Amino acid sequence: MDLDLRKVRYFVAVAEELHFGRAAERLHIAQPVLSRQIRALEDELKVQLFVRDKRATELTSSGRQLLEDARPLLASAGAAQRRATQAARGSRTFTIGFMPGITVTPAVRALTAQYPDLTVELLRTSWVDQTDVLRDGRADVSIVRLPIDQQGLTVRPLFDEQRVAMLPADHRLAGKPVIRIADLAGDHLLQPPDAVPEWRDVAIELREGMTGRLPVFHSVEEKLEHVAIGNGVSVLPLTTASFYSRPDVVAVPIEDIGPNHVCLAWSAARRSRTIHTFAEIAAELWACDTK
């Protein structure tokens, strides 16, 4: 049986909203039409995807599994469509995603030296979307900072770098040449705790259940604004800290946490010669830089 991607998209909307009315609005279709499509999908799969009553809509175990599988399926379909559209235009385009603080210019120059007719586009990413751009086809490769969800990806290590604490200039630790992660146990971390597990293990606010909802930061600049006005601290890779240097924020090395791992990632399903070439170029360039 072949899955109807339109029905799968409808299912994902309902699964994310857990409300048929809101999902129908999001999809710009009538709610009865949406309900019929979901029932048709359940009939095709011969499973129940939702438990629905007057008060709530909930996913069944089959629904939860389908949602887990559906997101990468739809992203892969979207990526294939993007690449087919580019091919129809007759353009040879190669898009590289990269995280803040990482300079890709030497690798791009080396790639275009081998492929003079190739148009290289660059896409700045963030912690939130550094692998999404691979799954939905916006980028052919992405230079990522671990940890990431590596499912469906090929990941090749490039280099490691020290992590530093970003503190407001008047912070009690701002003048220290080096600190330990335990020194930050009483501070509020302006990023998901899982991104800095060493802090998570010692944090007083996590131990005492005082955590509030973390604001969503769309850029390093936003995060550093919050650091500067004393809303908390952040832990960043050294190159990112150096790139976004400012007088009211101080970077202090942390001696007892591991480095940040920088890798090149791409979809494991891709068999592109250009991707392979760029991977070799990147590995060689950054290996030379770290010697």
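Sequence positions, counted from 1, serve as the residue numbers for this chain. These numbers come from a predicted model, not from an experiment.
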Problem set entry | Within-4.5 Å side-chain heavy-atom neighbours: I181 and D201 | no
For this session: Considering non-hydrogen atoms only, spot the tightest contact between A107 and F278 and give its length.
Result: CB-CE1, 3.7 Å
Problem set entry | Side chains of D256 and I254 in contact at under 4.5 Å (non-hydrogen atoms) | yes
Exercise. Would you say L18 and L66 are hydrophobically clustered, going by side-chain heavy atoms of ILVMFWY under 4.5 Å?
Worked result: yes
Exercise. Is V178 reachable from V196 through a run of hydrophobic residues whose side-chain heavy atoms are each under 4.5 Å from the next?
Worked result: no
Exercise. With a 4.5 Å limit on heavy-atom distance, are the side chains of V144 and T125 in contact?
Worked result: no
Seminar exercise, completed: G186 and I204 have their tightest heavy-atom pair at CA-CD1, 3.9 Å
Problem set entry | Closest contact, heavy atoms only, D194 versus P197 | O-CD, 3.4 Å
Problem set entry | Minimum-distance pair of heavy atoms, taken over all atoms of I148 and R145 | CG2-O, 3.6 Å
For this session: Can you see which heavy atom on V108 is nearest to which on L122, and at what distance?
Result: CG2-CD2, 3.9 Å
For this session: Provide the closest heavy-atom pair for V262 versus D160 in the form atom of the first, atom of the second, distance.
Result: N-OD1, 4.4 Å
Seminar exercise, completed: Taken in chain and number order and not counting sequence neighbours, the residues that satisfy ring pair (Phe, Tyr, Trp, His ring centres under 6.0 Å) with F98 are none
Exercise. Is there side-chain contact between P157 and H261, with heavy atoms separated by less than 4.5 Å?
Worked result: no
For this session: Give a yes or no on whether V252 and V202 share a hydrophobic cluster (residues Ile, Leu, Val, Met, Phe, Trp, Tyr; joining criterion: side-chain heavy atoms under 4.5 Å apart).
Result: no
Exercise. Applying the 4.5 Å side-chain criterion to the ILVMFWY set and letting contacts propagate, would L45 and V51 be lumped into a single cluster?
Worked result: no
Problem set entry | Check: T60/Q48 side-chain N/O donor and acceptor closer than 3.5 Å | no
For this session: Look at R156 together with E280 and state whether they make a salt bridge at an N to O cut-off of under 4.0 Å.
Result: yes
Problem set entry | Residues E221, R246: salt bridge by 4.0 Å N-O rule | no
Seminar exercise, completed: Residues at least two apart in sequence or cross-chain that pass side-chain contact (heavy atoms from CB on, under 4.5 Å) with D132, listed by chain then number, are D129, R138
For this session: Could you tell me whether K7 atom NZ has more than 12 heavy atoms of other residues or ligands within 6.0 Å of it?
Result: yes
